[in-house]
Enquirer: 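First the structure, which I've put down as structure tokens, then a few questions once you've had a look.
Note that ligands are numbered from 1 as they come in the structure, with each ligand's atoms numbered from 1 the same way.
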Amino acid sequence: MNENGITVRNKKIAVLPGDGIGPEIVREALKVLKAVEQVFGHRFDTGTYPVGGCAHDLCGSCLPEETLEACKCADAVLLGAVGGPKWDALPGEERPERALLGLRGGLGLFANLRPAKIWPSLKGASPLKPEIVSGGIDILVVRELTGGIYFGAHRRSADGKSACDEMVYSDSEVERIAKVAFECAKSRGKKVTSVDKANVLESSRLWRAIVGRVSKEYPDVVLDHMYVDNAAMQLVRDPARFDVLLTENMFGDILSDEASQITGSIGMLPSASLRLDGFGMYEPIHGSAPDIAGKNIANPLATILSVAMMLRSTFSLHREADAVEEAVSKVLDSGLRTSDLAAPGASIVGTAQMGDAVTEAVLKMVK
Ligand code: IPM
Ligand code: MG
């Protein structure tokens, strides 16, 4: 009940730790969320549900109906990672990765935001030459997430000798993701680079036409178009030229991995998958890293930063989101690193210690 006698329900978060390192990194992110509750006086209700290979082991499906329902009833979803060699032999339709697509499609999460930036204290971690990254990198990949080749028909001929995956886009699908990109650009560097393969693909020609039309509604934002092969090259040649990089589902999958690597470690990059009503699923962009699972060496920062994105995008808690990002920045400045970011002079800590350090830094913040 609030002061006006109206019952206010706590915000609900469905937590899906998943496989491999998923549970350990999500544990640290929840520690940080608890600190935010404490410092800022919020209450979030969290419920944990199985997804991925562990869900398959438990109940025969990587995306159990109850998990999808719980997500639909929540305000936001926090996901760790899914998949691992144990489930590689499962048929395509049953693989853990299908759970991700089921969540994206089932929840209508068409807009995937993947910010790739270099943290000041991690400049040395980029594999690019210092002169290329000296001006900083701050790219937001806006990836269409519920259309294109991922969601088109996948067919194999009766004799098994040929296969086909359809890439389909409708004008309305392109329009809504383009609007998201232009809206994001308005509050950033005011530049959208739309990536396609319009010299070959018909779906890309439609994409380019619609993006061009939407851009007319945003006179303050500069638009340029780039072929995907060139974009892959420019990302390593001159990454600072990019602000918002808008692209379709599969190109976005590939380019966001590339963008993450030039920032130093894929272990740092969060993501948000959104629809228009503010509901979102938040997850690190890296995978389940089964080779290092359970060893307390995974980097939890991408998941912690995904919580910051959740606070900002779904709950409009901007100061809280800033506080988490500032805490991460302080911890990095103090020299603490997980082993993926090992560098001379750094103090290497484990997953839990990194989570504790960020939690402490949040708790030290004055409201
Ligand atoms: C990602 C992943 C997924 C994708 C896989 C696991 C289905 O690579 O989120 O980038 O291709 O979208
Ligand atoms: Mg990917």
Enquirer: Using the ring of F110 (Phe, Tyr or Trp, six-membered ring only), decide whether R176 places NZ or CZ under 6.0 Å from its centre and within 45 degrees of its axis.
Expert: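 Checked: cation-pi criterion met.
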Enquirer: Please work out whether the ring planes of Y218 and F182 are parallel, tilted or perpendicular, with thresholds of 30° and 60°.
Expert: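 If you compare the ring of Y218 with that of F182, the planes turn out parallel.
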Enquirer: Would you mind checking if E202 and R205 are paired as a salt bridge, meaning a charged N to carboxylate O distance below 4.0 Å?
Expert: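 A salt bridge links R205 with E202.
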Enquirer: When clusters are formed from ILVMFWY side-chain contacts under 4.5 Å, directly or step by step, what else is grouped with V168?
Expert: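 Joined to V168, directly or through intermediates: none.
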Enquirer: Once rounded to the nearest 0.5 Å, what's the spacing between atom OG of S313 and atom NE2 of H318?
Expert: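 Rounded to the nearest 0.5 Å, the OG-NE2 separation comes out at 8.0 Å.
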Enquirer: Looking at E360 and K364, does any basic side-chain N land under 4.0 Å from a carboxylate oxygen?
Expert: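 K364 and E360: not salt-bridged.
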Enquirer: Parallel under 30°, tilted from 30 to 60°, perpendicular over 60°: which one fits the rings of F40 and H42?
Expert: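 Answer is parallel, since the angle falls under 30°.
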Enquirer: List the atom pairs, donor and acceptor, that lie under 3.5 Å between side-chain atoms in residues 74-83 and the rest of the protein, sequence neighbours left out.
Expert:
{"from": "D75", "atom 1": "OD1", "to": "R9", "atom 2": "NH2", "distance (Å)": "3.1"}
{"from": "D75", "atom 1": "OD2", "to": "R9", "atom 2": "NH1", "distance (Å)": "3.2"}
{"from": "D75", "atom 1": "OD2", "to": "K12", "atom 2": "N", "distance (Å)": "2.7"}

Enquirer: Give the residues near ligand 1 by chain and number, with the criterion being a heavy-atom distance under 4.0 Å.
Expert: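 Ligand 1 pocket, heavy atoms under 4.0 Å: E97, L100, R104, R114, R143, Y150, D253.
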Enquirer: Quick one: which of V32, V358, I25 gives a side chain to side chain contact (heavy atoms under 4.5 Å, CB included) with L301?
Expert: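 Of all the options given, the one that passes is V358.
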Enquirer: What's the count of protein N, O or S atoms under 2.8 Å from the Mg ion (ligand 2)?
Expert: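 Excluding waters, the total comes to 1.
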